[in-house]
Amino acid sequence: MKTWVLTAVLTAGSALAQTPGAPPAEVNDASKIPDAEKLRVSSESVAKMRTALKDVLGKLEEARNTKDVVKLNCVNEKLTQIKGLLRISEQSDVALQEAIAKKETGGAEHEFTKVTIARSKVDQLRSEAEECIGQLAFRTDEKMNIEIQEPEYLPPGDVTQVTTPTPIDSRPPPASPTL
Amino acid sequence: MTLERGTAPDTVWRRLVLIAGALILSVALPASAQSAVPQPVGVKIGEGRLHPFFDVDTRYDSLIGFYSGVPGGTPLPTSDVILHFRPGLTFAQDTTSSLVNFNGALEYLYYTGLLFKGDSALSRFQGQALLNTAFNRDGAVEVQVSDSLIRSDRTQNPAVGVGVVSLYNNATLAVPIHPGGRALEITPRVSWQLELFDPLVLATSLPGCAPSDITCTPSLVNQMNYSNLTFGLANRWKFLPKTAIVLNASFDWRTYLLNQTANPTAMILNAQTGIVGLISPHISLTALAGYGGDFSGKLNTFIANGEMSYLTGNDTRIGAGYLRTLQPVPAYGNFIDDRGYVAARVGLMGGRLMIVGSVNFDYLSFAVNARNDLVFSASLAPYFDVASWFQVGLGYIGSLRTSSLTAQSINYVRHEALLRLTFRY
């Protein structure tokens, strides 16, 4: 589990730690955002990630109730990654506030970018957690095409049709003294 | 040349046996090797194919009727050999979006007089035209239209106690609604049946039959002509690919065309629910139970259908079951049929050799024991696809019927054996 947290953090970190020589698009965008807006977006993102954490905790409970180990492990994996990203985001949010207070523009942009990337990743993980439970199977629209695969060993044809009972073979013979 | 066994001509017998064996092998071996049912070519019309065919039956019937041969004499059971000539056409078009199936045939029954002289008056024409269509099959709302027109001595009316020729038509409109993945299907249906009767042999009175009894007096059988309107609603939910919960209901409104006093009108509601389909890869179960009631005759009863079948491959199904139905009937208003049955269909040699058999035991209770009939029937019919254009079939049908109605023609034992040759293109 720790490995997953570490991987997630490193993945996010590697994205954030790119050199100014090849700045990611988010950094460029962050440079255009006013500091006040950075603070608002950052705190809002952290709040959203906390909400996502609560949702996924609910999913974990749901998976536990189904007693399905595969579902439980799947949700747990997403939850662990979200926890790690939330921790990083909370630290970055504090660091962002400090950097803005100290007028450190570069640092502020760096922390802001970390928060926005983490939020994006958390949203994705929340969707994946829902898929673990199977909720998406019930989300249908007019474009959805359901393909039912029947095991090959089953007999062919539709055996669920109620057949109309055949009438009695009623064919009494004629009778007459003469023909 | 005279052939005698045990001497030199024995070699001739051996040769005949060898030739017969070679002929059988020449037919059977390719069949088992190919393991496929040869299909007739037909004439391509649009996306379907039209197949002309011609059947010839040679049928021994142990009971073509009860006759005395002399005016005023006591009718006795008589038998004869009957030839059936049946030219016809079938058309089949089966695509993902539409289905059109037609089967039409004209039949002439020729009473040969080999066993009973002078029965040529029974020779007659019969026929049938069956049409089944379905449109927008791959859509959410499907439309099915079908019609069956049959002229035959087989009738849908189990109260008939003497030989008749029935002209029967059944027109049906159904609209299956199956949204999404077709797990749920709701099918409203309306159908109209009309059946008209003519006597096979005109007679005014028969032993054991009251002269005013419309069920067994040949000159009065047309008094049972009826019209039947049926409204149905079938609901099916497949909770597994081959297993479903069903809830079916139908309402029959039966009226009579010529005699409303001798035929009580029937308004019958049948509703039943249960499970239908596979309970294991090879075992199919039908377990339905419900209510049947005649609002005209104030009859309430239960109806049911329980069947267990063994299925394997494309062609084999062996099943046994019990069926209880409530249906409208002329002269009595309604009747309850309690049926025990065994039915088997076995395909061998890749489906080229089919063996179809059944045993049915029906106990009919007309208008709550006003009359009771017991009908037992057994049939066995193997048929073999020799080539894509030729099929050979054998058949045996045995039937026994006894009734609280004392008419001679409703208390009988009958044996029929037939050889059928079918030529098709």
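The structure displayed is predicted, hence computed values, not measured ones. Here is the naming used below: chain letters follow the sequence lines, and residue numbers restart at 1 for every chain.
With a threshold of 4.5 angstrom between heavy atoms, B/Leu364 approaches chain A through side-chain atoms but not through N, CA, C or O. With a 4.5 angstrom heavy-atom cutoff, B/Val375 touches chain A only via side-chain atoms. For chain A, the nearby part of B/Asp362 is the side chain; its heavy atoms alone come within less than 4.5 Å. Looking at B/Thr243, only its backbone comes within 4.5 Å of chain A, counting heavy atoms on both sides. Interface residue B/Leu323: only side-chain heavy atoms are found under 4.5 Å from chain A. B/Asn248 touches chain A through its side chain: at least one heavy atom from C-beta onward sits under 4.5 Å away, while N, CA, C and O do not. Looking at B/Asp337, the atoms closer than 4.5 Å to chain A (heavy atoms on both sides) all sit in the side chain, from C-beta outward. Heavy atoms closer than 4.5 Å to chain A are found in both the backbone and the side chain of B/Thr155. Interface remark: B/Glu185 contributes side-chain atoms only to the contact with chain A (heavy atom separation under 4.5 Å). Residue B/Arg154 touches chain A through both its backbone and its side chain, counting heavy-atom pairs closer than 4.5 Å.
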Quiz item: When you look at B/Gln327 and A/Ile168, which way does the side chain to side chain contact (heavy atoms under 4.5 Å, CB included) test go after all the steps?
Solution: CA-CA 12 Å; B/Gln327 298 169 55; A/Ile168 304 158; over 6 Å; no
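Rounding to the nearest 0.5 Å gives a distance of 7.5 Å between OG1 of B/Thr187 and CD of A/Gln161. To the nearest 0.5 Å, atom OG1 of residue A/Thr160 and atom CG of residue B/Leu240 are 11.0 Å apart. Between the CG atom in A/Leu154 and the NZ atom in B/Lys242 there is a gap of 6.5 Å [rounded to 0.5 Å].
Across all non-hydrogen atoms, the minimal contact from A/Pro155 to B/Pro281 is CD-O, 3.1 Å. Considering every non-hydrogen atom in both A/Ala175 and B/Val162, the closest pair reads N-CG2, 4.0 Å. Minimum heavy-atom separation, B/Leu63 to A/Pro173: CD2-CG, 3.5 Å.
Interface summary for chain A: among B/Thr78, B/Leu278, B/Val246, B/Val164, the most heavy-atom pairs under 4.5 angstrom belong to B/Leu278.
Looking at A/Ser170 and B/Arg401, their side chains come closer than 4.5 Å, going by heavy atoms from C-beta outward.
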